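Note that the structure is a prediction, hence the values are computed from the model and not measured.
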Amino acid sequence: MYLDDPVHALAAVTHAAPYDYYRRLAAGPPLRFDTQLDCYIAAGTAGVQAVLSHSDCRVRPPGMAVPENLAGTSCGTIFAELVRMNEGARHTVPKQVLASALGQVDLVRLHQSTLQIARDHIPGNAVDLHNAMFELPLFAMAGLLGFAPAQWPQLAAWTRDFVACLSPLSNSDQLAGAQAAAAALLQRFTLLLRDTVPGSLLAEIKMAGWQSEPRLLANLIGLLSQTCEATAGLVGNAVLALRTQAGLHARLRSDPGVWPAMLREVSRHDPSIHNTRRYTACPVEIGGVALPPGQMLLVVLASAGHDASVHAEPGRFMLQRPVSPILTYGHGRHACPGQQLAQTMAAACLQSWADVLAAMPLAWCYQPSLNARIPVFMEGQAA
């Protein structure tokens with residue numbers, strides 16, 4: 001343990017500078033037992049890929065498709081149908097349909113529409129910025145699905161309330177708010193299904209033959225909830241790169257074509273999602289380690305981005321890197337199909353705001369979380 005290290009992998013998510021810690025994790029065994037967390041940790045490219053690609057490492061504990069505190073609630077109904085949170089045959093076809101529809105989105109058109117939304121909502125101060133990095137990607141996704149602009153702010157507010165049910169750190173008031181938001185989102189998406197906008201992403205999904213309304217409703221809400229924190233974290237951490245990486249803002253201003261490389265490097269160096277979990281469905285052996293059924297594995301996604309065997313000088317923020325997999329978007333059957341959408345929306349927001357952000361007084365800390373690294377911006381200057 002080094003003096004300034006996080007105390008363990010969960011604490012690293014909100015640590016000011018966990019990058020050397022991740023590099024050392026990646027340099028160690030792919031799978032090791034952590035006595036502080038009382039679980040196994042998968043780290044580095046080899047460990048992360050081995051666990052995420054293993055068919056017997058599941059996203060939910062055996063016999064618990066829905067967290068106990070959500071069972072029998074509106075949030076639990078949605079959670080049970082989310083393809084990214086479940087395994088099994090009944091989720092396979094919906095997962096394929098969703099991935100196919102997202103893969104057909106016109107990214108150039110999405111970039112242009114998000115640019116316009118962002119230009120209409122330029123943040124004037126740190127509080128505006130903090131709210132905008134959550135709301136603007138949600139506005140863009142809501143528009144893509146076919147919602148009218150007048151509906152976007154309420155959808156964004158409900159989605160931000162709903163995601164509280166996905167965090168074990170949420171208190172009772174937040175969980176109550178999540179339940180109310182879930183019911184409202186189900187109602188609003190039910191109306192959208194009945195009056196689908198031609199040419200929208202929802203129209204593409206329906207044309208692909210997804211017939212189960214409850215499952216479709218849940219996963220449409222899932223698109224918004226996944227956009228919410230993951231894209232907000234991407235935008236926020238990219239803002240920090242603009243503020244802390246010497247010469248980066250000037251480079252992007254002189255050559256806007258570098259934005260995609262910049263967002264890829266943020267996703268490697270300081271990603272929005274640092275951890276995920278897997279549970280063994282039966283006795284499993286990974287990297288010579290025998291694991292019993294029901295064993296929880298903490299998969300430290302962020303450590304793969306700091307694996308020196310894959311990324312040269314991983315501690316440096318470098319725009320010109322050989323293209324390699326960004327494992328913070330997942331790997332294998334649960335890889336995020338919305339990676340390109342998230343980076344396109346984030347790039348458009350940042351391009352619209354970059355000059356304002358360069359002069360804005362900003363201080364920051366990180367939102368409490370065991371998985372997501374999301375800056376909380378405040379007025380002032382960074383320490």
Side-chain angles (χ1 to χ4, degrees), residues 1-2 4-13 15 18-65 84-89 91-92 95 168 267-271 273-315 321-336 339 370-373:
M1 176 69 70
Y2 287 64
D4 295 326
D5 269 354
V7 293
H8 49 60
L10 294 180
V13 177
H15 190 274
Y19 317 110
D20 286 344
Y21 169 76
Y22 284 140
R23 177 179 54 78
R24 290 190 291 273
L25 270 188
L31 199 68
R32 83 292 304 267
F33 190 79
D34 188 294
T35 55
Q36 286 184 283
L37 297 177
D38 193 30
C39 71
Y40 282 90
I41 288 180
T45 301
V48 169
Q49 288 184 331
V51 172
L52 294 186
S53 62
H54 201 294
S55 60
D56 291 321
C57 293
R58 310 291 176 79
V59 294
R60 294 295 304 155
M64 192 184 292
R84 70 186 180 93
M85 296 302 300
N86 289 279
E87 314 278 355
H91 292 93
T92 300
K95 187 179 299 183
S267 297
R268 178 202 68 82
H269 181 265
D270 207 16
I273 305 299
H274 280 210
N275 297 316
T276 189
R277 286 156 189 76
R278 291 294 185 267
Y279 301 85
T280 55
C282 59
V284 168
E285 183 175 317
I286 298 176
V289 178
L291 303 170
Q295 174 65 56
M296 193 269 277
L297 299 161
L298 181 67
V299 185
V300 187
L301 301 169
S303 69
H306 289 270
D307 188 336
S309 70
V310 176
H311 307 283
E313 299 183 81
R321 284 187 179 275
V323 175
S324 57
I326 304 295
L327 296 182
T328 49
Y329 288 98
H331 176 70
R333 65 191 186 280
H334 282 287
C336 175
Q339 176 179 346
L370 303 180
N371 303 312
R373 186 170 177 82

Taking the side chain as C-beta and beyond, is there a heavy-atom pair between Leu370 and Asn275 under 4.5 Å?
no

Looking at Pro292 and Thr280, what are the two nearest heavy atoms and their distance?
O-OG1, 2.5 Å

Can you list everything that forms a salt bridge (charged side-chain N to carboxylate O under 4.0 Å, His left out) with Arg277? Sequence neighbours excluded, please.
none

Output all residues satisfying salt bridge (charged side-chain N to carboxylate O under 4.0 Å, His left out) with Arg23, sequence neighbours left out; order by chain, then residue number.
Asp20

Kindly state each residue pair satisfying salt bridge (Lys or Arg N to Asp or Glu O under 4.0 Å) with at least one member in residues 280-304, sequence neighbours excluded.
none

Which atom of Ala9 lies closest to which atom of Leu37, heavy atoms considered:
N-CD1, 4.2 Å

In the structure I gave you, are the side-chain heavy atoms of Leu298 and Asp34 within less than 4.5 Å of one another anywhere?
no

List in chain and number order the residues that pass side-chain contact (heavy atoms from CB on, under 4.5 Å) with Ala43, two or more places apart in sequence or in another chain; answer none if no residue qualifies.
Leu25, Arg32, Ile41, Ser303

In chain order, what residues pass the side-chain contact (heavy atoms from CB on, under 4.5 Å) check against Ala11, with sequence neighbours excluded?
Pro6, Val7, His8

Is the backbone of Asp4 close enough, under 3.5 Å, to the side chain of His15 for a donor and an acceptor to pair up by distance?
yes

Please enumerate all residues that pass side-chain contact (heavy atoms from CB on, under 4.5 Å) together with Ala281, with sequence neighbours excluded.
Arg58

Check: Arg278 and Met296 side chains under 4.5 Å, non-hydrogen atoms:
no

Can you list the residues that meet the side-chain contact (heavy atoms from CB on, under 4.5 Å) rule with Pro30, with sequence neighbours excluded?
Ala46

Kindly state each residue pair satisfying ring-ring contact (aromatic ring centres under 6.0 Å, His included) with at least one member in residues 274-304, sequence neighbours excluded.
Tyr22-His274

Filter on salt bridge (Lys or Arg N to Asp or Glu O under 4.0 Å), then keep only pairs touching residues 321-331, sequence neighbours left out; what's left?
Glu265-Arg321

Got a sec, which residues hit salt bridge (charged side-chain N to carboxylate O under 4.0 Å, His left out) with Asp307, two or more places apart in sequence or on another chain?
none

Nearest heavy-atom neighbours spanning Val51 and Cys57:
O-CB, 3.5 Å

Go through the side-chain N and O atoms of Tyr19 and Asp270 and say whether any donor and acceptor fall under 3.5 Å apart.
yes

Distance in Å, Leu10 CG paired with Asn371 CG, rounded so as to fall on 0.5 Å steps:
7.5 Å

So CD1 of Ile326 and CG of Leu301: to nearest 0.5 Å the spacing works out to 11.5 Å

Determine the minimum heavy-atom distance between His311 and Gly305, stating which atoms define it.
CD2-O, 3.5 Å

